[in-house]
Amino acid sequence: MPVDRPRGATMRVLGIETSCDETAAAVVTGEGEILSDVVRSQLADHAPYGGIVPEIAARAHVAALDGIVAEAMRRAGIGFGALDAVAATGGPGLIGGVIVGVMTAKGIAVARSIPFIAVNHLEGHALTARLTDGVDYPYLLLLVSGGHTQLLIVEGVGAYRRLGTTIDDAVGEAFDKTAKMLGLGYPGGPAVEKAAKGGDSARFALPRPMKGRPGAHFSFSGLKTAVRHTIEALPPGPVGATDTADICASFQQAVGEAIADRTRNAIRAFRDAHPDGTALVVAGGVAANAHLRSVLESLAAAEGMRFVAPPPRLCTDNGAMIAWAGIERLKRGEVTGLDFAPRPRWPLDPDAPKVAFAGVKA
Ligand code: KG4
Ligand code: ZN
């Protein structure tokens with residue numbers, strides 16, 4: 001559906017994110033200026049359960065979203081009448097939350113007669129580096145979050161070619177499970193990173209899954225099991241501070257080496273496909289990890305690539321990335337019909353071959 005708009009007017013889009021445990025809204029301009037960016041974490045709602053409870057997440061989004069949207073508009077200093085479109089995460093994610101965001105966005109779109117744009121959450125992460133650093137297509141993207149671990153060539157809006165994915169757990173899941181086993185709470189990523197400071201990364205010889213194998217697929221379930229065995233081999237009782245620090249540091253070291261190995265192969269495949277491509281971009285919640293960022297920075301330097309990592313706040317879930325993906329779609333005249341149904345699953349590259357390894361579920 002094409003969209004008519006006056007030439008030269010500044011485009012402003014409201015973005016809504018509700019696919020997991022952050023209720024978020026932001027207003028972003030067509031030039032990439034973030035006018036507001038409001039995020040409410042549901043951490044306290046889920047903390048007693050040690051992980052995200054989908055039903056609690058959906059209810060918390062219902063309770064918070066109207067206020068978060070109002071706050072995003074207030075901070076942006078504009079009324080709904082100044083919006084060119086409203087974008088919301090349409091999937092993939094926890095379906096109850098996605099429904100809340102999509103229905104709210106559709107309501108605003110209808111009430112204000114502006115276009116609605118359903119954004120793929122992964123596309124939001126994938127395009128963040130264009131919002132923050134103006135990276136040109138094509139680029140190589142390492143997407144590392146709680147639900148996904150993928151290497152993709154981003155050739156344009158909606159044009160993604162997957163080079164690798166995880167054959168079992170996502171890397172964020174491995175962080176979260178490691179934290180849980182050590183009693184560090186949820187979400188595990190930031191807790192493991194903090195606990196690893198000052199730890200001895202060489203004390204425990206944890207596996208570097210898939211390292212040295214051809215291709216760019218990942219695996220993290222063996223590493224998670226090795227962490228469990230390491231903890232079980234310690235004296236009984238709560239794990240002490242030094243052991244916790246050493247386990248977390250050894251775990252981060254293993255993750256960093258495994259990811260660097262896979263990414264190196266992907267850089268070479270990317271260069272074969274796009275000799276003009278120069279950037280390695282990292283995105284998703286785990287991209288907030290300082291150790292991983294420094295490992296990837298060194299790898300990119302060694303491979304002669306530019307390395308781009310959005311600020312940590314824009315790596316974890318937020319509304320600005322959804323608004324920006326909406327802007328990229330809107331600039332192409334692409335908007336979504338109001339009959340859009342929220343999608344629990346929505347791959348970025350639906351044509352990617354299924355991965356199936358002997359003895360491993362696809
Ligand atoms: O992108 P995101 O906010 O939500 C999803 O779309 O999944 O990613 C959340 C994941 C969680 O697994 C969390 O533990 C991890 O990102 N994470 C981190 C860090 N901050 C968040 N992992 C490692 N180090 C961090 N600093
Ligand atoms: Zn995410």
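In each ligand, atom 1 is the first atom listed, and ligand 1 is the first ligand listed.
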By number and element, which atoms of ligand 1 are closer than 4.0 Å to a non-hydrogen atom of [X]?
X      : answer
Glu193 : 24 (N), 25 (C), 26 (N)
Thr316 : 3 (O)
Gly146 : 5 (C), 7 (O), 8 (O), 9 (C), 10 (C), 12 (O)
Gly147 : 7 (O)
His121 : 6 (O)

Any N, O or S atom of His121 closer than 2.8 Å to the Zn ion (ligand 2) =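 Yes.
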
Under 2.8 Å: N/O/S of His125 next to the Zn ion (ligand 2) =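 Here the distance criterion (N, O or S atom, under 2.8 Å) is met by His125, so yes.
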
Test salt bridge (charged side-chain N to carboxylate O under 4.0 Å, His left out) applied to Lys106 - qualifying residues, sequence neighbours left out =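 None.
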
Among protein heavy atoms, which lies nearest [atom], and at what distance?
atom                    : value
atom 15 (C) of ligand 1 : Val286 CG2, 3.9 Å
atom 13 (C) of ligand 1 : Asp176 OD1, 3.8 Å
atom 2 (P) of ligand 1  : Asp317 OD1, 3.4 Å

Any chance the rings of Phe251 and Phe175 have centres within less than 6.0 Å?
->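 Under 6.0 Å, so yes.
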
Looking only at distance, does Glu22 have an N or O less than 3.5 Å from an N or O of ligand 1?
->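 No, no N or O pair falls under 3.5 Å.
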
